[in-house]
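Protein chains get the first letters and strands the later ones, always in sequence-line order, with residue 1 at the start of each. Only heavy atoms go into these numbers, but all of them, side chains included; no hydrogens, no water, no symmetry mates.
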Amino acid sequence: MSKTFADKVRDVVRQIPKGKTMTYKEVAVKAGNPKAARAVGAVMRSNFNRDIPCHRVIYSSGQLGHYNRGGTLRKKAILKAEGALK
DNA sequence: TAGTTGACCGGAA
DNA sequence: ATTCCGGCCAACT
């Protein structure tokens, strides 16, 4: 397994279906480290690509996390557009 | 190599 | 409800 945590995270986040939101912890669990929620954010922040719908990743508290340029508002708009948000 | 930072999480005050 | 603290992990300097 030459895949690093970052690679796994990217793969997992990319598999998130449209109109669906996943928490950082869930992603961390699927990535292989249930306690690496923080690392997930750190990795995404350094690897945020258009291939990765990082906007579909939110807090486990149900709150929208941060986002590149704009922050929460951006995510809200995207989630609303995808139907993930009410 | 080691130390600091951060897009987190959960619990406590 | 808000604020603070400790813990885990990866990336950056």
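Rounded to whole Å, the distance from CZ on A/Arg45 to C1' on C/dA10 is 11 Å. The separation between A/Lys35 atom NZ and C/dG7 atom P is 12 Å, rounded to whole Å. Rounded to whole angstrom, the span from the NZ atom of A/Lys3 across to the P atom of C/dA10 amounts to 16 Å. As a whole-Å value, the separation of A/Tyr24 OH from B/dG10 C1' is 17 Å.
Side chain of A/Ala6, nearest nucleotide from B/dC9, C/dC8, C/dA11: C/dA11. Nearest to the side chain of A/Met44, among B/dA7, B/dC9, C/dC8, sits B/dA7. The side chain of A/Val43 has C/dA11 as its nearest neighbour among B/dA7, B/dC9, C/dA11.
The base of B/dG6 lies close enough to the side chain of A/Arg38 for a donor and an acceptor atom to sit less than 3.5 Å apart.
Along DNA chain B, the nucleotide closest to A/Lys25 and the one closest to A/Gly41 are compared, and the more 5′ of them pairs with A/Gly41. Nucleotides of DNA chain B nearest to A/Ser61 and A/Ala39 differ in position, and the one nearer the 5' end is that of A/Ala39.
Phosphate proximity of C/dA11 to A/Asn47: absent, as no side-chain N or O sits under 4.0 Å from OP1 or OP2. Proximity of A/Ser60 to the phosphate of B/dG10: a side-chain N or O atom is located under 4.0 Å from OP1 or OP2.
Taking the side chain as every heavy atom from C-beta outward, A/Lys18 and A/Arg56 approach each other to under 4.5 Å. Counting only heavy atoms from C-beta outward, the side chains of A/Met44 and A/Val13 approach each other to under 4.5 Å.
Remark: of the listed residues A/Val57, A/Thr21, A/Ile58, A/Ile58 is the sole one forming a side chain to side chain contact (heavy atoms under 4.5 Å, CB included) with A/Leu64.
Smallest separation of non-hydrogen atoms from A/Tyr24 and A/His66: OH-O, 4.3 Å.
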